[in-house]
Amino acid sequence: NSAKLVKSKFKKYHAIQVYHVSHCEYFDKESDQRIIDFKNYYKENNKKNYDAVLFYSETLRKVIPINKKIFLCCVPSSKANKRNSICYLIEKLAGGPIIDGSGFIVTKKNRSEKKHGATFSDEELANTMEVQSNKIPEGYKVLLLDDITTEGQSFSVCKKLIRDSGFNDEITCLALGQSATKFFR
């Protein structure tokens, strides 16, 4: 049912699953906790967190076409010069026609994490990130990944940064989880 909900309600960007925050009555100890474990991979490198990375790696291998030229990049961490779990996931998925673009957009200035109530204008968010000098190869499509999305602001800002770098082809945005708060407002 969550797949139907995501498809019917979440038009602008796509997600693999609906995500419920831990204090929500609908929080699922398996699927919702798996996203938390995935996000914590670099904080606590343990089997539970590694298993979450493997799960999303296997899931994305079923979603990403293997015969298309895809440049895989991600919404960067909220901390400057820090890689996030999505970067590690991209490294695992890269190979053949799939290129690792995990360092294409980076955070140049720390920002507060949104889970602490921080809000930003698109311009403020964009001013904390930058595109690195390398270009996206000719003939490639961009798949922009994020762990959790609510309104899609990070996707919108990153898409604009990619466009401003001169890329004019297809950009698809995919999150591991779509925050359920979007559906219950």
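These numbers were taken from a predicted model, which means no experiment stands behind them. Hydrogens, waters and symmetry mates play no part in the numbers below; they use all other heavy atoms, side chains included.
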Which heavy atom in [X] sits nearest to a heavy atom in [Y], and how many Å separate them?
X      : Y      : value
Val157 : Met129 : CG1-CE, 3.8 Å
Gln132 : Glu130 : NE2-OE2, 3.6 Å
Ile162 : Cys73  : CD1-SG, 3.9 Å
Thr107 : Ser78  : CG2-O, 3.9 Å
Pro76  : Cys158 : CD-SG, 4.0 Å
Ile35  : Gly177 : CD1-CA, 3.7 Å

Within 6.0 angstrom of Leu54 CG, more than 12 heavy atoms from elsewhere: yes
Kindly work out whether a path of hydrophobic side-chain contacts (I/L/V/M/F/W/Y, heavy atoms less than 4.5 Å apart) joins [X] to [Y].
X      : Y      : value
Val21  : Phe27  : yes
Ile171 : Val106 : no
Ile66  : Val63  : no
Phe55  : Tyr42  : yes

Would you check if [X] and [Y] make a side-chain contact, meaning some heavy-atom pair closer than 4.5 Å?
X      : Y      : value
Leu89  : Leu60  : yes
Lys39  : Ile148 : yes
Cys173 : Lys159 : yes
Lys68  : Ile98  : no
Lys135 : Phe167 : no
Pro97  : Asn67  : no
Ser57  : Leu93  : yes
Gln153 : Leu125 : yes

Glu170 and Tyr140 side chains, donor-acceptor separation under 3.5 Å: no
Using 0.5 Å steps for rounding, measure from the [atom1] atom of [X] to the [atom2] atom of [Y].
X      : Y      : atom1 : atom2 : answer
Cys87  : Lys82  : SG    : NZ    : 10.0 Å
Asp146 : Leu144 : CG    : CG    : 7.5 Å
Phe38  : Ser85  : CZ    : OG    : 5.0 Å
Asn81  : Lys79  : CG    : NZ    : 12.5 Å
Leu174 : Leu145 : CG    : CG    : 6.0 Å
Ile16  : Lys62  : CD1   : NZ    : 11.0 Å

Stepwise side-chain contact (heavy atoms from CB on, under 4.5 Å) test for Ile86 and Leu176: CA-CA 10 Å; Ile86 292 284; Leu176 302 181; 4.2 Å; yes
Using modelled atom types only, decide if a donor and an acceptor are shared between the side chain of [X] and the backbone of [Y] within a distance under 3.5 Å.
X      : Y      : result
Asp147 : Val75  : no
Gln178 : Thr150 : yes
Thr172 : Leu143 : no
Asn46  : Asn49  : yes
Asn110 : Ala80  : yes
Ser31  : Asp28  : no

Qualifying residues under side chain to side chain donor-acceptor pair (under 3.5 Å), relative to Glu30, sequence neighbours excluded: Arg34
Test log, rule side-chain contact (heavy atoms from CB on, under 4.5 Å), inputs Leu72 and Ile99: CA-CA 6 Å; Leu72 261 178; Ile99 293 179; over 6 Å; no
Reference residue Thr128; test side-chain hydrogen bond (donor to acceptor under 3.5 Å, both in side chains); the match among Arg111, Lys109, Lys108: Arg111
Pair Asn127-Glu124, side-chain contact (heavy atoms from CB on, under 4.5 Å): steps then yes or no: CA-CA 5 Å; Asn127 286 332; Glu124 289 170 325; 5.6 Å; no
Worked check of side-chain hydrogen bond (donor to acceptor under 3.5 Å, both in side chains) between Tyr50 and Glu44: CA-CA 9 Å; Tyr50 182 73; Glu44 308 164 15; over 6 Å; no
Basic-acidic side-chain contact under 4.0 Å: Glu91, Arg83: yes
Pairs involving residues 73-112, ordered by first then second residue, that meet ring-ring contact (aromatic ring centres under 6.0 Å, His included) (sequence neighbours left out): Tyr41-Tyr88, Phe71-Phe104
